[in-house]
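Written below as structure tokens is the structure these notes are about.
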Amino acid sequence: MKKRMVWRRLRRQVGIGLVFATVAGGLWYFQESEYRDRLTWKGTPEWDSMAPLSWHRVLRNDGFLVGWSDVRVSPLWVSYLLHDDKRSRIAERPDFQRDWRTIWPVQPTGYRGSGYDRGHLAPNYALAAVHGRDAQQASFLMSNITPQRPDLNRRLWQRLEEAVMDHFVPRFDQLLVITGPIFHDDFSRGVLNRVGFVEIPEAFYKILVVPGETPRGLAFMMPQDVKGDEPLDDFLVSIDEIEARTGLDFLPALNAEQQQRLESRIRTEGWGLEQVADLPGRYE
DNA sequence: TTTTATGT
């Protein structure tokens, strides 16, 4: 008799709890996607459901988003918008910081003696100049950092980032940048190929998109072992190729026809690449 | 005013 009443009450409470959790979760998700939409264009990268290595969760920062993989212990992509409205002075470089959202401990000191640089994906300068101090500090979170060989990070990659800020952003006014690592096809190669817990990529990609009715796109893929003074256009690839290598789908909210046009082949017309492809780096 | 590591 009494037992049945207790059961009924319990069931009702669980029911109310579930409804509450669902509503709260829905509200959270709604608000979170509003925040994300403000930081991107045509959605954030989505993963191929058949490829667990491309699964990730989104970390939201001031000025940029990070697709974080707890399997690779690495960001799979970062995404940020740039516009031609730069601050004239930017603050000093902050210290690298542990990001407590990553679960696996990735310490700022963890790269010491590894032969790899702590390479930014979302760059210090661009984030600081366009999005301000909080974004700059967030760019030094270890969730935004991947192991990069010094000749890539300080030379070729630096030249590409400089071309983005000094050439492409002024040229087009607004730019969406998606950038990230590319890993060896064979996951077993990555199990021990790590700096601390962080898997070491084979190469890196950077996708530039000019938002608009008929968007323009340009994409690069650069391996770890470069000298650093190569012409930037040696590394052009189609976005489709990057999708094939990463298991990610970029700009998922763009309609199929536009995606096909934008992603299937390399189109350099209008970018003025020849003006920047051979510019020397800042730290030769 | 654009990158980092250095048992400094």
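So you know, we letter chains A, B, ... as the sequences are listed, proteins then strands, and number each from 1.
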Please report the C-alpha distance between A:N124 and A:Q136 in whole Å, then the side-chain angles of each, then the deciding distance to 0.1 Å, and finally whether the side chain to side chain donor-acceptor pair (under 3.5 Å) criterion is met. CA-CA 6 Å; A:N124 165 43; A:Q136 177 181 27; 2.8 Å; yes
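- Between A:D84 and A:R171, no side-chain nitrogen of the basic residue sits less than 4.0 Å from a carboxylate oxygen of the acidic one, so the salt-bridge criterion is not met.
- Contact between the side-chain N/O atoms of A:R149 and the OP1/OP2 oxygens of B:dT4 is not found at any separation under 4.0 Å.
- Distances from the side chain of A:E162 to the nucleotides B:dT2, B:dA5, B:dT3 place B:dT2 closest.
- Across B:dA5, B:dT3, B:dT6, the shortest atom-to-atom separation from the side chain of A:F96 is found for B:dA5.
- A salt bridge links A:D70 to A:R57: one of the charged nitrogens lies within less than 4.0 Å of a carboxylate oxygen.
- With P as the reference atom, B:dT3 and B:dG7 are 22 Å apart, rounded to whole Å.
- For B:dT3, neither phosphate oxygen OP1 nor OP2 lies less than 4.0 angstrom from any side-chain nitrogen or oxygen of A:R282.
- Here A:R112 does not reach the OP1 or OP2 of B:dA5: none of its side-chain N or O atoms lies under 4.0 Å away.
- Of all nucleotides listed (B:dT2, B:dT3, B:dT4), B:dT2 comes nearest to the side chain of A:D166.
- Residue whose closest nucleotide on DNA chain B sits further toward the 5' end, between A:Y111 and A:I90: A:I90.
- A close approach under 4.0 Å does occur between a side-chain nitrogen or oxygen of A:H120 and OP1 or OP2 of B:dT4.
- Each of A:S114 and A:M165 was assigned the nucleotide of DNA chain B with the nearest heavy atom; the assignment lying further toward the 5' end belongs to A:M165.
- The number of heavy atoms from other shown groups lying within 6.0 Å of CD (A:E257) does not exceed 12.
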